[in-house]
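Heavy atoms only: backbone and side chains are in, while hydrogens, waters and symmetry mates are out. Throughout, protein chains are lettered first and strands after them, A, B, ... in sequence-line order, and every chain is numbered starting at 1. On a predicted model such as this, the values are computed, not experimentally measured, just so you know.
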2 protein chains.
Amino acid sequence: MTDLFPDKGHDHGRCIDSALHQAEIVAEANNARFTNMRRRVFTLIWQSHKAITAYELLDALQAEGVRAQPPTVYRALEFLVGLRLIHRIESLNAYFGCDMPDCEHLGQYFICRNCGRVAEAVNEDMSRAVRTAAGIVGFKIEATTIEIKGLCHDCAAH
Amino acid sequence: MTDLFPDKGHDHGRCIDSALHQAEIVAEANNARFTNMRRRVFTLIWQSHKAITAYELLDALQAEGVRAQPPTVYRALEFLVGLRLIHRIESLNAYFGCDMPDCEHLGQYFICRNCGRVAEAVNEDMSRAVRTAAGIVGFKIEATTIEIKGLCHDCAAH
DNA sequence: GACGAAATGATATAATATAACACTTCAATA
DNA sequence: TATTGAAGTGTTATATTATATCATTTCGTC
Ligand SMILES: [Zn+2]
Ligand SMILES: [Zn+2]
Ligand SMILES: [Zn+2]
Ligand SMILES: [Zn+2]
């Protein structure tokens, strides 16, 4: 069993640093401006491995003393989702940081209802099954949402 | 190629009748009351194979002369979702009628962005891939959302 | 430094969803 | 059949999520 979710005692500072570093690269590659506001929102999202809502981000910004309004947050989110630096969990109306923004991947998200963490899987069997099922019924796929809710290994153990 | 989506010229009255009939049976089996309001909402949802939002339902009810408020609609929706007579599309905040409420199935929805129709697939490969992926990472699944957006066969042809 | 495009600020409002309490309906049963 | 208690619905208010619009600022290019 390999746990998708990061170890309890892991050095999360490294997660954040790495995510910021990768984000810079992706933005650069896309000729997109990784502005201050966008970086702030991105960093807030990466404060944990949980999904966070737009208004939680707004509160966090305001707590930092930034005078932000909803559109500011939603714009940053739109930008970050566009570059696939973050993903949106439709069933939670919330966002979390992608830890492999460079690799093209079909999003498959495991969401723990207990600890709130979200982990992303890249599973070729699942991707293939979706493509095959679509092929059989002549459906032209444009986007796929796969959200799996339950208990992560840690939380299931307790 | 077998099209998941109903034929353009199909007799939709039969879809509605059949859905109502099955709903009666499911409600009965669950000792649940398929009240007038619930039947009305259910019937409205089944007016088409598209997904419909809570407020569209509310408007439709009001157009029928029913003095309904949001809670009324949301309660009916909660009831119907609970019995799996309808499903919610998270990425659309909308609902559509299940055409096999009797069989236990993992929801896998194909959503056409052009015609708006939703069709449900029951694909064992997909289900198995999800279960396997979860098993590998020690995740205990409680609910799964699979929403595939794109163009249905008919719409892709034009 | 002037210019135009992109980003952000600011205000208002739309769209989606639920809380709380009053009233009604309905089936069980005393 | 009258009582009663749970389930369902009505009603009002409000919470949560998201976007439209226009003004202002920032920033790279010329
Ligand atoms: Zn971490
Ligand atoms: Zn957990
Ligand atoms: Zn039909
Ligand atoms: Zn279509």
- Would you classify A:Arg38 as touching base, sugar-phosphate or nothing, given that sugar-phosphate means primed atoms plus P, OP1 and OP2, and contacts are heavy atoms under 4.0 Å? sugar-phosphate

- Would you say a side-chain N or O of B:Asn93 is under 4.0 Å from OP1 or OP2 of C:dA17? yes

- Query: Is a donor-acceptor contact shorter than 3.5 angstrom present between the side chain of A:Arg33 and the base of D:dG28?
  - Reply: no

- Task: Nearest whole angstrom, please: distance from the P of D:dT19 to the CG of A:Leu77.
- Result: 10 Å

- Query: Starting at CZ of B:Arg75 and ending at C1' of C:dA20, how long is that distance when rounded to a whole Å?
  - Reply: 10 Å

- For C:dA10, take OP1 and OP2 only and decide whether either is under 4.0 Å from a side-chain N or O of A:Arg67. yes

- Item | C:dT8 OP1/OP2 closer than 4.0 Å to side-chain N/O of A:Thr72 | no

- Task: Look up atom CZ in A:Arg33 and atom CZ in A:Arg38, then write down how far apart they are to the nearest 0.5 Å.
- Result: 7.0 Å

- Approximate separation, where rounding is to 0.5 Å, of A:His153 NE2 and A:Leu151 CG: 11.5 Å

- Query: Got a sec, which pairs hit side chain to side chain donor-acceptor pair (under 3.5 Å) with one end in residues 61-72 of chain A, sequence neighbours left out?
  - Reply: none

- Query: Rounding to a whole Å, what distance do you find between A:Glu56:CD and D:dT17:P?
  - Reply: 8 Å

- Within this structure, what is the CZ-to-P distance between A:Arg88 and D:dT17, rounded to whole angstrom? 10 Å

- Item | Rounded distance (Å) that lies between atom P of D:dA18 and atom CD of A:Gln69 | 17 Å

- Ignoring the backbone of A:Pro71, work out which of D:dT19, D:dT11, D:dA18 is nearest its side chain. D:dT19

- Query: Would B:Tyr55 count as stacked on C:dT16 if the rule is ring centres under 5.5 Å and plane angle under 30°?
  - Reply: yes

- Item | Distance-only donor-acceptor check, side chains B:Glu90 and B:Thr145, under 3.5 Å | no

- Query: Rounded to whole angstroms, how far apart are CG on A:Leu58 and P on D:dA18?
  - Reply: 12 Å

- Query: Under 4.0 Å between a side-chain N/O of A:Arg40 and OP1 or OP2 of C:dT8, yes or no?
  - Reply: no

- Atom-to-atom span, CG of A:Asn31 to C1' of D:dC27 - whole angstrom: 14 Å

- Query: Atom CG of B:Asn30 to atom P of D:dA7: distance rounded to whole Å?
  - Reply: 15 Å

- Query: Taking the side chain of A:Thr53 as heavy atoms from C-beta outward, which of C:dT18, D:dT17, C:dA10 is closest to it?
  - Reply: D:dT17

- Query: For B:Thr35 and D:dA7, is the shortest distance between a side-chain N/O and OP1 or OP2 below 4.0 Å?
  - Reply: no

- Could you tell me which residues satisfy side-chain contact (heavy atoms from CB on, under 4.5 Å) with A:Asp99, sequence neighbours excluded, listed by chain and number? A:Trp46, A:Glu120

- Item | Toward the 5' end of DNA chain D, by each residue's nearest nucleotide, A:Tyr74 or B:Ala76 | B:Ala76

